[in-house]
Student: 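Before anything else, here's the structure in question.
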Amino acid sequence: MSTDTEARTGRAARFDPASYEQRWRERWEADELYRAHDGDPREKHYLLTMYPYPSGDLHIGHWYAATGPDIVARMRRMQGLNVMFPMGFDSFGLPAENAAIDRGIHPARWTSANIDRMRQQFRTMGCMFDWSREVVTSDPAYYRWTQWLFLQLYGAGLAYRAMAPVDWCPKDQVVLAREQVEGADRHCWRCGTPVVKRDLEQWFFRITSYADELLDFSGLDWPEPIRLMQTNWIGRSEGAEIDFPVEADGVAPIRVFTTRPDTIFGATFMVLAPEHPAVAVLTTPDRRADVEAYVAAARRETEIERMNTERDKTGVFIGAHAVNPMTQERIPIWIADYVLPGYGTGAIMAVPAHDERDYAFATRFDLPIRYVVLPPDGAAPEGEAFVAHTADEVLVESGEFSGMQAADAIGAITRQLTDLGLGSGAVTYKIRDWLVSRQRYWGAPIPIVYCPEHGAQPVPESELPVLLPPDVDFAPTGVSPLQSNAEFLSASCPVCGAAARRETDTMDTFVDSAWYFLRYCSPHDDDRAWDPAAVREWMPVDLYTGGAEHAVLHLMYARFMTKALRDLGHVAFGEPFVALRNQGQILGADHQRMSKSRGNVVNPDDLTSRYGSDTVRLFLMFIGPWDQGGPWNPTGIEGLHRFLGRVWHAAEADLGDRAPWIQPIVVPGMPPPQSLAGEVPGSGGPSAEEVVATGEEMSRALRRATHTTIAAVAEEYSAFRFNTAIARLMELTNAISGARELGLAGTDAYAEAVDTLLLLLAPAAPHITEELWARRGHPYSIHRQPWPSADPALVEADTLELPVQVDGKLRDRLVVTRDTPAAEIERLALASEHVRRYLGGKPPRRVIQVPGKLINVVTQR
RNA sequence: GCCGGAGUGGCGAAAUGGCAGACGCGGCCGGCUUAAACCCGGCGGCUCCGCGAGGAGCGUGGGGGUUCGAAUCCCUCCUCCGGCACCA
């Protein structure tokens, strides 16, 4: 139409994001629009998105992850909450050190250059981060408090040093936490190299003390899959520990853990982990050679071989026997690598009849198999283990317990063993303590010194931070590069002042991120890790967003740390994140994870310079459900750019000459725009000739579209359904365009529709909405406007279109007024020619009406 | 093997017991234009019948079930993605 031509030829302002996006960002920053202030009387809302590792450049995944919570943050602000939405950098870690090794750039320089670049890139997104609260974990002003935290845990016995077989990455030359070893082939989470076991003296955090509490998610609004992953990782098993006496003088009984004490009468042999301390004591001289060979082989094996469930069971008899405490039977003791040293007691009573692994082992080595728990019909299974699945199984050949149901026998047998002093009920977990020491330079030094006289001693708090010396040798040697700096190494004992050696391991970067959300509350406090008043005001985090890949890493560590700090009296709550939402992952176009080495990383800069930030933000939020992610495919970004062009056009169309009220419009032969179709009483369908609508009716239809959208969008944003929220905004925009075609530009209904559209779109597309808000003469800033509220009276249409089904298949539609009684609707439906055709003259068997939804006529089939 | 999530037009998707395919991309037709791009309007699951208006049947990974009615709930199988994996 004519206005389109004007826009094209430049009489009206053109849609040109480059002309305003940067300008508004500078203004927002200058005005500190997004600063969260302590002590604001409004209700606080702490919204947090996982801070990134400063790897170099922001990629499209960062934009994807950040835009969702930014939309919610902006909406919450408009809804009147005092929003804190901070950002920072998880800046310690291996890549910085690898840059030093590979290219000779000091990690500190590499990191800070990357941070500078990424900070700039973040700014072009127009996210409402409060940069005044930025934390950088490699800054001494931050890691000083990470070290303080270590000392708190150490003082409470929650940090300890122990010799332990640990997972070692031969490529990165560093110890890994159990959570950092992935996949069936047990590879390093960072470089993919298969890990090996090593015995090393390492620092641990006692996360196992919190195993039970970590299983409790009550009161948390977290995605079910994440809760399940943590639950499975913690791996709580209930059962019993039982002592099996051994036939050897002066040797303590061997304690086993089992979840099936009811099967003890079927325990026909015992298996120890090759690493079990009793092996050396119990092995008989004639078996010693075989046993030692097996133990040595097991130690040499990589985790891959050992954990391979496919391969045949291996093991050797050690020559000794134990006694089954219930049957008094002599049973042989074997060692086998399918028994793991770190779980339970590292020893099992083998019940081949009722455990698949034991069954495979017994079959392989010809050991006796005795079924003692049978299904109710007594049918003994053949050629396989019978693992109980229901409560109905009954015990046989189990002495006084024979005939008892298995579920009851578990308790009864455990009680008797307890009474006899041979065992007790016990709970075991898969989760291991958190290994936090790393033989690396670029991390927070562990604040411990070793005195020849007094052993490991904590560095006094007054001497924190233990600073990283800039001058070290970065070549990976398996020991921390800090050992190459003599000055760093030498310390004095805090107890006696004698010359002491400084701990040279640094902390896992997940320690840094286990408390950063607390630091955001008072990021500039130099006297303490956080200001208790600020933490009281802001914590806990109301809504946390990030990737699901941190389910058993960061998210569990942060929960542990918070609980430990609570028990130490430093915070008053035990859960850091009340609600959690996970974004999906944006994969490369090749459906693989984006990585520099694959060369499939998408840089958003090209897109933003071409389309502007708003278009990129909208596109990312529109491609699908936010928690789903998917492979990168920029096809369709044009559509979002066009959408913003239509918004621009819609908002410009009623500027200038404000048209007076438009008189009733009759457009013969012109079908109504889709937004108005079906809204016209009596139209009964899209027959163009009949369309006659008054201006009043059309503006009411537009207002209905406006208020319906208000009601929908807040709900969609809150639920992180940005794709459908944007679709609703597109529909409103289309309705506005349709209204403009019919001459409604300049009316109050039109202005209301456009202003509402801008307000609802503002969280998702902050720049264009600010620009148009200003052009329309409204006061700065749109981001400080109250969120619109829907008028329920305007949402309700006075006519309804009801689908009429016959036997569940759509056959006709009825247009009725909202207050039409059900009997009348039924009469109209049955009178329908289409319905009558299917009834074939007979009365319907049933008529089902869902008020306001549909009507279904059931025939006498 | 175990535990999650998913499978819908040419494509991204929407609909979580009530009109399948909203919204967008691509495509086709038309308008604007000397022309093209931009922009605007229209069409749009498949098959069949009809010149047409229209009508009939089929259709949400496969098969079965519950229901007046199923993409949605139940059973079963297949495929893909994520997590765990000899945890006694």
Side-chain angles (χ1 to χ4, degrees), chain A residues 1 3-5 7-8 182-184 186 223-229 231-233 235 237 239 256-260 263 271 306-311 313 336-340 342-351 354-358 360-361 428-431 548-549 551-552 584-585 587 591 619 622-625 627-631 633-640 642-643 645-646 649 670-671 673-674 721 723-731 733-734 737 741 801-811 813 834 837 844-848 850 853-859 861:
Chain A
M1 297 284 138
T3 43
D4 298 320
T5 317
R8 274 204 309 278
E182 298 179 339
R186 311 283 297 160
E224 181 69 19
I226 301 288
R227 302 204 309 246
L228 269 168
M229 273 192 257
T231 301
N232 292 339
W233 186 262
S237 289
V256 303
F257 173 75
T258 178
T259 53
R260 295 290 307 279
T263 64
V271 187
R306 179 151 183 180
M307 305 292 261
N308 181 0
T309 55
E310 304 291 299
R311 81 175 180 163
K313 294 276 181 290
D337 60 9
Y338 80 90
V339 175
L340 306 174
Y343 182 78
T345 60
I348 61 161
M349 63 174 204
V351 186
H354 304 294
D355 182 282
E356 284 167 19
R357 295 149 304 185
D358 297 345
F361 194 82
T428 304
Y429 303 87
K430 289 189 209 172
I431 191 172
E549 68 272 18
V552 294
Q585 207 166 58
L587 304 170
H591 292 59
F619 174 63
F622 187 67
I623 51 180
D627 57 0
Q628 190 176 295
N633 177 4
T635 311
I637 192 167
E638 295 279 354
L640 279 298
R642 278 200 281 267
F643 163 58
R646 285 197 296 274
H649 189 177
M670 182 176 167
Q674 218 162 19
R721 289 192 299 257
N723 56 332
T724 48
I726 293 166
R728 303 306 287 263
L729 293 170
M730 286 173 167
E731 286 181 84
T733 306
N734 293 344
S737 299
E741 295 293 316
E801 196 193 49
L802 288 180
V804 180
Q805 296 182 335
V806 177
D807 293 331
K809 287 191 165 53
L810 178 69
R811 297 302 179 188
R813 294 161 196 281
H834 296 284
R837 180 149 26 109
R845 193 158 65 93
R846 248 174 105 182
V847 177
I848 288 159
V850 184
K853 275 281 189 188
L854 59 42
I855 175 161
N856 188 16
V857 178
V858 185
T859 64
R861 284 174 293 183

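Throughout, protein chains are lettered first and strands after them, A, B, ... in sequence-line order, and every chain is numbered starting at 1. Keep in mind that the numbers below use all heavy atoms, side chains included, and drop hydrogens, waters and symmetry copies.
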Student: Supply the atom-to-atom distance A:H354 NE2 to A:T263 OG1, rounded to the nearest 0.5 angstrom.
Tutor: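 These two atoms lie 6.5 Å from each other.
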
Student: Of all the nucleotides listed (B:rC39, B:rG24, B:rA14), which has the minimum atom distance to the side chain of A:R642?
Tutor: B:rC39

Student: Please tell me if the side chains of A:R646 and A:N734 come closer than 4.5 Å, counting only heavy atoms from C-beta onward.
Tutor: yes

Student: Could you give the distance separating B:rG12 and B:rG64 at their C1' atoms, to the nearest angstrom?
Tutor: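 Here B:rG64 and B:rG12 have their C1' atoms 32 Å from each other.
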
Student: Can you give me the N/O atom pairs linking the protein to nucleotides 17-20 of chain B at distances under 3.5 Å, or say none if there are none?
Tutor:
{"from": "B:rG18", "atom 1": "N2", "to": "A:N856", "atom 2": "ND2", "distance (Å)": "3.4"}
{"from": "B:rC19", "atom 1": "O2", "to": "A:R813", "atom 2": "NH1", "distance (Å)": "2.3"}
{"from": "B:rC19", "atom 1": "O2", "to": "A:R813", "atom 2": "NH2", "distance (Å)": "2.9"}
{"from": "B:rC19", "atom 1": "N3", "to": "A:R813", "atom 2": "NH1", "distance (Å)": "3.2"}

Student: Between CG of A:L640 and CZ of A:F622, what distance do you get to the nearest 0.5 Å?
Tutor: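 Answer rounded to 0.5 Å: 6.0 Å.
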
Student: Could you state the CZ-P distance from A:R811 to B:rG54, rounded to the nearest angstrom?
Tutor: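 Distance check: A:R811 CZ to B:rG54 P gives 17 Å.
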
Student: From B:rA88, B:rA22, B:rA13, pick the nucleotide closest to the side chain of A:E731?
Tutor: B:rA22

Student: Roughly how far apart, to the nearest Å, are B:rG45 and B:rG27 at atom C1'?
Tutor: 15 Å

Student: State which of B:rC58, B:rA88, B:rC84 makes the closest approach to the side chain of A:K809.
Tutor: B:rC58

Student: Drop me the distance from A:R813's CZ to A:L854's CG, to the nearest 0.5 angstrom.
Tutor: 11.0 Å

Student: With respect to the side chain of A:Y338, which nucleotide from B:rA88, B:rC86, B:rA14 is positioned closest?
Tutor: B:rC86

Student: Kindly label the base of B:rG9 as syn or anti, based on whether its glycosidic torsion lies within 90° of 0.
Tutor: syn

Student: Scan every strand shown for a Watson-Crick or G-U wobble partner of B:rG41, both distances under 3.5 Å, and answer none if you come up empty.
Tutor: B:rC29

Student: Would you kindly give the CE-to-C1' distance between A:M730 and B:rG24, to the nearest whole Å?
Tutor: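 So the CE-C1' distance, A:M730 to B:rG24, works out to 5 Å.
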
Student: Testing the basics here: between A:N856 and A:G808, what is the closest heavy-atom pair and its distance to 0.1 Å?
Tutor: OD1-N, 3.0 Å

Student: Taking atom P in both B:rG4 and B:rC40, what distance in whole Å separates the two?
Tutor: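 These two P atoms come out 48 Å apart once rounded.
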
Student: Scan every strand shown for a Watson-Crick or G-U wobble partner of B:rC80, both distances under 3.5 Å, and answer none if you come up empty.
Tutor: B:rG5

Student: Pick the closest RNA chain B nucleotide for A:G636 and for A:P625 by heavy atoms, then say which residue is nearer the 5' end.
Tutor: A:P625

Student: For atom P, what is the distance between B:rA36 and B:rC49, given to the nearest Å?
Tutor: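 My reading of the P atoms in B:rA36 and B:rC49 gives 37 Å.
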
Student: Compare all side-chain heavy atoms of A:I348 with those of A:D358 and state whether any distance is below 4.5 angstrom.
Tutor: yes

Student: Who does B:rA22 pair with, Watson-Crick or G-U, both distances under 3.5 Å?
Tutor: none

Student: How many angstroms lie between atom CG of A:D807 and atom CZ of A:R846, to the nearest 0.5 angstrom?
Tutor: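 One gets 11.5 Å once the value is rounded to the nearest 0.5 Å.
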
Student: Between B:rG9 and B:rG59, how many Å separate the two P atoms, rounded to a whole number?
Tutor: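 Approximately 14 Å lies between the P atom of B:rG9 and that of B:rG59.
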
Student: Is the shortest heavy-atom distance from the side chain of A:D355 to the side chain of A:F361 under 4.5 Å?
Tutor: no

Student: Look at all strands and tell whether A:N723 reaches a base, only sugar-phosphate, or nothing, counting heavy atoms closer than 4.0 Å.
Tutor: sugar-phosphate

Student: Could you give the CZ-to-P distance, from A:F361 to B:rA88, as a whole number of Å?
Tutor: 18 Å

Student: Is A:N734 close enough to B:rC23 that one of its side-chain N or O atoms is under 4.0 Å from OP1 or OP2 there?
Tutor: no

Student: Atom CG in A:L729, atom OG1 in A:T724: separation rounded to 0.5 Å?
Tutor: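 Separation between the atoms: 10.0 Å.
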
Student: What's A:T428 touching, base or sugar-phosphate or nothing? Going by heavy atoms closer than 4.0 Å.
Tutor: nothing

Student: Under 4.0 Å from OP1 or OP2 of B:rA22: is there any side-chain N or O of A:T724 that close?
Tutor: no

Student: Rounded to the nearest 0.5 Å, what separates atom CD in A:Q585 from atom CD in A:Q628?
Tutor: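 Spacing of CD (A:Q585) from CD (A:Q628) equals 13.0 Å.
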
Student: Report the distance from atom CD of A:E549 to atom C1' of B:rC81, rounded to the nearest whole Å.
Tutor: 14 Å

Student: Using the P atom in both, what is the distance from B:rA85 to B:rA13, to the nearest Å?
Tutor: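 The same atom, P, in both gives a distance of 30 Å.
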
Student: OP1 or OP2 of B:rG24 less than 4.0 angstrom from a side-chain nitrogen or oxygen of A:R646, does that happen here?
Tutor: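 It does, given that an N or O in the side chain of A:R646 lies less than 4.0 Å from OP1 or OP2 of B:rG24.
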
Student: Could you give the CZ-to-C1' distance, from A:R721 to B:rA15, as a whole number of Å?
Tutor: 11 Å

Student: What pairs with A:H834 under side chain to side chain donor-acceptor pair (under 3.5 Å), at least two apart in sequence or on another chain?
Tutor: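 Listed in chain order: A:R837.
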
Student: Between N or O atoms, less than 3.5 Å apart, protein on one side and nucleotides 1-12 of chain B on the other: list the pairs.
Tutor:
{"from": "B:rG12", "atom 1": "O2'", "to": "A:I623", "atom 2": "O", "distance (Å)": "2.4"}

Student: Suppose you measure atom C1' in B:rC51 against the same atom in B:rG61; what distance do you get, rounded to whole Å?
Tutor: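 Looking at atom C1' only, B:rC51 and B:rG61 are 40 Å apart.
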
Student: What is the distance from CG of A:D627 to P of B:rG82, rounded to the nearest Å?
Tutor: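 So the two atoms are 16 Å apart, to the nearest Å.
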
Student: For the pair made of CG in A:L729 and C1' in B:rG24, what is the distance, rounded to whole Å?
Tutor: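 Between C1' of B:rG24 and CG of A:L729: 13 Å.
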
Student: Classify A:H834 by what it touches in the nucleic acid, base, sugar-phosphate, or nothing, heavy-atom distance under 4.0 Å.
Tutor: sugar-phosphate

Student: Mind checking whether A:T345 and A:Y343 have side chains closer than 4.5 Å, heavy atoms only?
Tutor: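 With C-beta onward as the side chain, the pair stays apart.
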
Student: Given the C1' atoms of B:rA6 and B:rU72, what is the spacing between them in whole Å?
Tutor: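 Between the two C1' atoms, the distance is 14 Å.
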
Student: Can you measure A:E182 atom CD to B:rC81 atom P for me and round it to whole angstrom units?
Tutor: 17 Å

Student: If you assign A:R837 and A:S737 each to the RNA chain B nucleotide with the nearest heavy atom, which residue ends up on the more 5' nucleotide?
Tutor: A:S737

